[in-house]
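To start, the structure itself, in structure tokens.
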Amino acid sequence: MMDSLQIIDGYFSNKEFYMRSVAGFPLEGRFKAAGLRSLARLIDENEPFSFTLGPNTVLHVPVELNRQLKKELFMIAEKLDEKE
């Protein structure tokens, strides 16, 4: 499954996914399946999307990557569900 990820980099530990980067930009976070699904639902495939990484940093995801990003978030969530 990890070979299918093109945008998200991270690893699984127990029932959580530790994200290290999105589209090559550092983004550290620990997520459970429900949180990843909630995040994926916020992304509209035709609208710009950004992650706020701190008080001075915003990661803008190009619109053309939105579909793949949503797909990967849902894939990771499904894998986490298998671990429960």
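Since the structure is predicted, the reported quantities are computational estimates derived from the model, not experimental observations. This chain uses plain numbering: 1 for the first residue, then up along the sequence.
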side-chain contact (heavy atoms from CB on, under 4.5 Å) involving T52 - partner list, sequence neighbours excluded: V58
Hydrophobic cluster membership, V63 vs L73, 4.5 Å side-chain cutoff: no
Linked, directly or transitively: F49 and F74 (ILVMFWY side chains, under 4.5 Å): no
Hydrophobic cluster partners of Y11 (side-chain heavy atoms under 4.5 Å): Y18
Inter- and intrachain pairs under salt bridge (charged side-chain N to carboxylate O under 4.0 Å, His left out), touching residues 25-36, at least two apart: E16-R30
Approximate separation, where rounding is to 0.5 Å, of L65 CG and K71 NZ: 13.0 Å
Pairwise side-chain contact, V61 with N66, heavy-atom cut-off 4.5 Å (strictly under): yes
Set of salt bridge (charged side-chain N to carboxylate O under 4.0 Å, His left out) partners for D81, sequence neighbours left out: R37
Residues which pass side chain to side chain donor-acceptor pair (under 3.5 Å) with R41, listed by chain and number, not counting sequence neighbours: none
R67 side, atom CZ; N46 side, atom CG - distance, nearest 0.5 Å: 8.0 Å
CE-CG distance between M19 and L5, expressed to the nearest 0.5 angstrom: 9.5 Å
Sequence neighbours excluded - salt bridge (charged side-chain N to carboxylate O under 4.0 Å, His left out) pairs with any residue from residues 46-65: none
Interatomic spacing from CG in L59 to CG in L27 - rounded to 0.5 Å: 6.5 Å
F12 side chain near I76 side chain, heavy-atom distance below 4.5 Å: yes
